[in-house]
Each structure stands twice: as C-alpha cells, then as structure tokens.
Amino acid sequence: MDGNLKYLKVILPLKLDWEPCYSVLPGTEGGVPSVGTRVSVRFAGRKYVGVVSESDVTPDIELTKIQRIIRVEDGISPVTEVEMRLWRFVSDYYLCPVGEVYKAAYPSLKNDGEMIRSRERLRAEERLRRMNAALAAKRERLEAAVERRRAMYEKAVRPETREKYLEALTKAENELNALPLEIAAQDDSRSYTRLPLPSLSLAQQTCLEQIRGFFSKKSPVLLDGVTGSGKTEVYISLAANVLDSGGSVLYMIPEIAVSKQLGNRLKEVFGNQLALFHSGMSASARSLAVEKVRMGNCIVLGTRSSVFLPFMDLGLVIVDEEHDNSYKQETPAPRYSGRDTAMMLARFHGADLLLGTATPSLESLYNCRTGRLAKVMLRERYFGDDRTVVEIVNTAEERRKRGMKGSFSYKLIDRMKEALKGGGQILLLRSRKSYSPAVQCSRCGKIPRCPHCDVSLSWHRDEGRLKCHYCGWNQPFNAVCPDCGGHLEPLGAGTQRVVEEVSMLFPDARVARIDGDMISGSTGEEAVIRDFSQGLIDILVGTQIVTKGFDFARLSLVAVLQADSLLGFQDFRADEKALQILEQFRGRVGRRGQRGLFLIQTATPEHPVYKYVASEQRSDDLAETILAERFAFGYPPFSRIIQITLRDSDEGSATSLAAALAKAIRSEFGISGLVRNQADQVSVLGPYAPAVDKVSNLYIRLIRVSMMKNQTLMDNKRRLASLVSDFGKENRCSAQLSLDVDPL
C-alpha cells in the first residue's frame, strides 16, 4: 500500500447506517479534500457523488478493502457546515440514515443540474477567455496601426498628404478608443428592482412592531392572523428589511399550486431578488435557484424541500400556513416536517423565525404555552369587517323532505343563483376526485376492487377508466359487471360528477374543476386558477387544494359538499384537521370588504367543529378542549409518536412478524399488555391493520409507539430504532420496515 495515502469518510445518497471510507493521494488530487467537498466514488459497483464528512481519518477496516475516490468534483460548490448540521439533525430526529437526508437535499437531478451548470459555466468562461484574447490581439494590432499612421503623419510635408494621414490616424484612434478593455461576463442576477412596499393598516403596523420586538429578543413568533387580515403584507415588510441589510429570506408555502399567484405578487415587489424552488420545476430551473441562493441577498419562495437549500446569509425564515399537513414528507425517507425542520434551520443560522396561519396547529399553540414561541394576534381583516355569514344545511333532514337534488340541497342551489345573479363567483369543495369513488352492480351488488390493493376502484368518466388511487392500476370501464353482466352504477360523487351536476343545474355558467388529476406534469391547474382569478370562470369545483391561500376578489359564495367526509377518519387529529380545512376555506370568501356566504352541507350539524365555525364569538375554547383531551390520553403535543410500518407480500408473514416485533418492543421497554411503562412513559399500540391494509400487493401492519416528552425521549427513540434494525437483520425477513416520527 502507498504510505502517502490519506483517508476520508464520505456520505453517499444511500440507506446506510455507516459512512464508507475512501482513500486519496494528495500529490495527484491537490491535497486532502476538506469536509463538505463533493467527490465521485464507487460503491457496490456503481458510481455516486458523495460528500466528505470527515477528512484525514484513521480507517477502522482493512486498508486493502478501501477504494480510491474517482475524482474531486471541484466544479460544483461544496456543502456548507450548516447544511451538514441540518442533515445530522434530521437524521437523528427522524431516525433515518444521513445518506437518505443527503439524497433528499441533493437528489440526482439537482446534482446533475449543478454539474451541468458547472460545465456550462466553464464553457462560458472559456468562450469569454477566447473572446478577450481575440480582443487583446485586435487592440494590439490597432495600437500598432495608430503608431504607424502617426509616424507617417509627422513625416509628411505636403498639406494634402498630411490631411490624408491625419484622417487615417483619427479613424484608427477612434476605432481603438471604441474597443472595451475586456468583455465582461453577462450577469443580470444582481439587477434588482425594488418597487414600493405595500401600505399597512394600523392593525398590521402594530402587529409588525410586536413581531420586531420579539425578534429583538431572539424569540421566534407565531402570527395568528385571521384569513384576509393581510399577513402577506407583514411578511413582505419583514423580508424587505432583511434584504436591505444584505441577508436572505426563506418564505415557505405548503403547496406548489399557491406559488404561482403568490410568486407573481412577490415578483412585483422584489424583482430579480426572488427565486422559486419546488419539485415541479425542471432540474435546470432549480439549479439556477440554487446558484442565486449561493450568491446570497435573495428571497426564496419554496415548498418543504427548500429547507435544504445552501443558504449563506439567512436572516429570516417565514413558514406560511404552518398548520398545513403538506409540510410533512410521508414517503420516502426522510419523513420530515418542513415546518419543524425550518425551525431548526433558523436556529442554526441565527435567523429570525415567523410561523403564520389563521388556524394554528395544536403543536404551535402548545409551544406558545411553554414559551418556545411568542404569539402575535392579527384579528382585523385588511378591508374591514366583512362578517361572513355561515349557513349549515342538514342534509339528512333535507333528504327526508326531498330537499336534495343529487349532491345539492335546494337551499344551496338558491344561494348559488343569488350569487351568480349578483355577478359573484362560487367555489365548491368536494374532498374526493374522480367521477365516482366507486361503482356497484345494481343486480348482484359487486363493487370492483383493485387486484393489488384493498380498495375499490374509482370511476374516471373523462378517461373512461376505473382507477386505483393507491397504486395507479387501471382498466377500461364499460359499465358491465364482470360477474353477472348487470349494470355498474356510480356510488357517491367525486369532483368530475359534481361538475356535471353543476353544469346541468346552471347551463349558462362557466364551470371548471381543479383536483389532483390535473397537477402532475401540466399547467392546466395554473390556467384554471388564473382564469378563475380573472373572472373567466363562474363556478369552480375542487378538492382540498381550493382551501389553500388563494385570493379571489370576486368570490361571494363558498360551499362544502358532504362535509362529514372531513370528519370520517379514525384519528385523534380528525377534529383539528377538519377545523383547519373549514376555517381556511371560509377565509377564501369576502376578502374585499364584501359580505360573503359560507355554506356547509352535513348530516351531523350538531358536531362541535361545525358549531365553532358557525359561532360569531370566536375563542380558543375548542382548541383548549382538544388539548385537554390530548393531555388526558397522552397524545401529541404532550408526547411523540413513532409509527412502525411493516409491509410483506405474504399476509400471514406480515401478521406474525408484526406480532413478534411488537412483543420485542414491549419487552425492551418493560411494557405488559397495553399498560404504559411508568418509568419511561412509553406505550405500544398494535400491531393492527390500517383501513387500507394492502397496497401494491404488499400487506400492511402498523405499530404505534408513544413516548412522553421527557429527558429519556431521545434515548428511547434511539433504542427503538436500533431494535427495529436488529429485528430486520436477525429475522432475515423480506418484509419492508420503516419508521415515521410524528406521523400525520
């Protein structure tokens, strides 16, 4: 072995619970790569771009087994110290290998994009070098020509000859003076244009001063502002201060759909200082955004993945709609919360943190209680008190009185007529996409199901197919029962069917829909939002995406169809989630000082969530009641839940392995049956099968481990992760095991 070799550890974008060691020869590589440098290496026969995590280490394995790095990728920027600290935090908290965090932070497209941009930059630099070399040669030729003509002019005696040489000399001198000293690289990224900031109301100004006061004390803030109160204007004012001081801002939003409308608004104020970043962008566009972030002094509008950007001078982190479940990554690992990770990002940078919402999560309210967050209220709408009217329609009673026509009560139909007559627009929420969530034979009762998942197939009438919304399997639909030849009829109404019903009820209205079927790889969603915003659509039907932070000036009526589907989850968070959705949806209407109408169709009008939404005297009573229930049962935010998911192609194996794993966990923590371990406050629920217990030919079993938030929490989490890992290795099982910390 070469005694001059140096050794380093490298993080690879793989699920490894260790970091491989590689060697480098300083004489040929220009020194030992420092921590954060990206290097190309081989692992298990494949090539990867990794990140040096330790340099000049002493190997703990046989030296003959250590491979050389292929090369140092000095054409792409190194990973910063703060980035790696954040990766370690995510890895530790969410119980996943740091390599999976690296893969999320630098997916192959992002790495490839940076390399492409690096090669493009090198080619551009080479072209510029050649152009400047040619320019220098031309300048040298012109300078020589000027000297020759000056000498000829000075030697000339005859007036007509001197005049001729003077003209030639002047021409050469002008041509020489017109040449630039060098050709500069074109870079318009710094040509910032700042338009005037939005004017603030007295309530907004007071709110802004309170936030700044807490920031001066290094306290993160929760801004609890009603919908339409103008939180965005407050965000913009805070961001402008940071940008003026030379810092950068991260402005996080939960959904790509919101980015277009909000992005246009921010562009008007911040010009080229704005960078967008989300998964719907091309690799090249994201690479350009990364470059802008590395340059600094910019504002990034991004979804949850933007927390992994390489900020250099981060001064402010804004998490808008902090309650939104879209901030949680469910699969693949790391299964992180964008909101909670953003809180750590701000801490690592020493940046100010602002969480904003009209419907605070119980976790954030709890953090206000414990002093981790300061709370600022903004209770006045920007355009004044609109006093949106809330009307609840009892659909069970209406059906008894024959007061329903399909999905619509006659009361709702009348309100829609009034809204359209007054020139208003209507937004309808139906939480299920497709034409119908299921179809059923009218003769034998058969409901076609997915052959790979334990779910019924949804009818997508526009495409003429039955589809599984879990694995994507689909088949043509001909309405004939495969068992008895009877007629297959729709069960329930999805967004497609609601659009059909609306078009029949209001044939002169311009109707459109927006749901998950429109998002992937198309701009149809953006076009619908734009057209609705411009008044080119009268009635828009959509899934929960329509409850997000859109601002539609002409909207006068919003209505929820089959609202009880929002409460139909066997989940301790069901009421909280339903309340947030309804309150956010309510906030879409009456945003220009005009009275709006929010109508809810439900078969259970006495439910506390509906009563709260309809109440004119708003208070925190419902939130306090839910928090008290959570405390009594040991649910979050008073505990942490780690969900273990086991997937196996054999149902019997899935059941037996899950039972064995649950038994091992109970034994590890000294738990008998369902009794909570009193020493460490750990309890185990399961194993149990979820409502959909088979997806893509894999049977699913769940185990939920609850751990109280005390001094033993982190140690208990690591013990659990180690036990699950060892269980998989010892049983040599083909089952897939995954951990999800703080599951939805």
Side-chain angles (χ1 to χ4, degrees), residues 194-217 219-245 249 251-253 258 261-270 274 299 301 316-323 352-360 364 368 373-390 424 533 547-556 558 583-598 616-620:
R194 170 71 59 78
L195 295 183
L197 297 177
S199 59
L200 301 182
S201 66
L202 179 60
Q204 288 173 316
Q205 188 62 45
T206 301
C207 169
L208 182 64
E209 291 171 0
Q210 290 176 340
I211 293 171
R212 286 174 175 161
F214 285 118
F215 282 173
S216 68
K217 300 174 184 176
S219 175
V221 175
L222 170 68
L223 174 54
D224 182 356
V226 298
T227 51
S229 59
K231 293 186 291 294
T232 303
E233 285 76 15
V234 175
Y235 299 157
I236 289 173
S237 295
L238 290 167
N241 291 341
V242 174
L243 293 172
D244 287 344
S245 65
V249 177
Y251 187 150
M252 290 180 65
I253 52 176
V258 183
Q261 190 180 51
L262 182 56
N264 290 338
R265 189 172 179 185
L266 296 179
K267 186 77 173 178
E268 291 176 354
V269 178
F270 298 114
L274 177 67
I299 176 170
L301 179 66
L316 173 65
V317 176
I318 299 167
V319 183
D320 194 22
E321 310 295 359
E322 62 86 18
H323 67 278
D352 293 324
L353 172 72
L354 179 62
L355 308 181
T357 179
T359 54
S364 291
C368 290
L373 290 173
K375 188 177 182 181
V376 174
M377 310 282 283
L378 185 56
R379 286 303 182 205
E380 292 183 16
R381 282 202 163 193
Y382 186 73
F383 289 98
D385 183 13
D386 63 280
R387 290 185 296 171
T388 297
V389 176
V390 179
S533 181
T547 68
K548 307 301 181 180
F550 297 114
D551 187 2
F552 301 121
R554 302 174 181 85
L555 192 61
S556 60
V558 295
E583 282 289 289
Q584 290 291 326
F585 193 43
R586 167 195 178 126
R588 297 313 105 212
V589 71
R591 297 174 68 91
R592 291 295 184 273
Q594 300 175 356
R595 178 170 296 191
L597 174 62
F598 178 33
E616 291 188 7
Q617 298 297 323
R618 316 310 294 277
S619 68
D620 293 332

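Given the structure is predicted, the values throughout are model-derived calculations rather than measurements.
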- May I ask you to test the Ser229-Arg379 pair for a side-chain heavy-atom distance under 4.5 Å? no

- Starting at OG of Ser245, measure out to CG of Leu316 and round the result to the nearest 0.5 Å. 10.0 Å

- Task: Take Tyr235 and Val249 through the test side chain to side chain contact (heavy atoms under 4.5 Å, CB included) and record every step on the way to the result.
- Result: CA-CA 10 Å; Tyr235 299 157; Val249 177; over 6 Å; no

- Message: Please give me the minimum heavy-atom distance between Ser219 and Ala374, naming the atom from each residue.
- Response: OG-CB, 3.6 Å

- Task: Please round to the nearest 0.5 Å and tell me the distance separating atom CG of Leu274 and atom CG of Leu262.
- Result: 8.5 Å

- Message: Please report the interatomic distance CG(Leu200) to OG1(Thr206), rounded to the nearest 0.5 Å.
- Response: 10.0 Å

- Note on the structure: Between Ser533 and Arg554, the two heavy atoms sitting closest are O-NH1, 2.9 Å

- Task: Please report the shortest heavy-atom distance between Val221 and Leu373, naming the atom on each side.
- Result: N-CD2, 4.2 Å

- Separation between CD1 (Ile211) and CG (Leu378), nearest 0.5 Å, reads 8.0 Å

- Query: Would Tyr251 and Thr232 satisfy side chain to side chain contact (heavy atoms under 4.5 Å, CB included), going step by step from the backbone distance to the final call?
  - Reply: CA-CA 10 Å; Tyr251 187 150; Thr232 303; 3.9 Å; yes

- Can Arg212 and Leu238 be said to form a side chain to side chain contact (heavy atoms under 4.5 Å, CB included), step by step? CA-CA 8 Å; Arg212 286 174 175 161; Leu238 290 167; 4.1 Å; yes

- Task: Could you grab the distance from atom NZ of Lys267 to atom CG of Leu301, nearest 0.5 Å is fine?
- Result: 11.5 Å

- Task: Give, for atom CE of Met252 and atom CD1 of Ile318, the distance between the pair rounded to the nearest 0.5 Å.
- Result: 11.5 Å

- Shortest non-hydrogen contact from Val589 toward Gly596: CG2-CA, 3.8 Å

- Between the main-chain N or O of Ser364 and the side-chain N or O of Glu322, is there a donor-acceptor pair closer than 3.5 Å? no

- Item | NZ/NE/NH1/NH2 to OD/OE distance under 4.0 Å, Lys375 and Asp224 | yes

- Message: Quick check: closest heavy atoms across Leu222 and Pro360, and the distance to 0.1 Å?
- Response: CD2-CB, 4.1 Å

- Query: So Thr227 and Arg588, side chain to side chain contact (heavy atoms under 4.5 Å, CB included) or not? Walk me through it.
  - Reply: CA-CA 8 Å; Thr227 51; Arg588 297 313 105 212; 3.8 Å; yes

Could you list the donor-acceptor pairs under 3.5 angstrom formed by side chains in residues 352-359, with sequence neighbours left out?
residue : atom : partner : partner atom : Å
Thr357  : OG1  : His323  : ND1          : 2.8
Thr357  : OG1  : Thr359  : N            : 2.9
Thr357  : OG1  : Thr359  : O            : 3.4
Thr359  : OG1  : His323  : ND1          : 3.4
Thr359  : OG1  : Gln584  : NE2          : 3.2

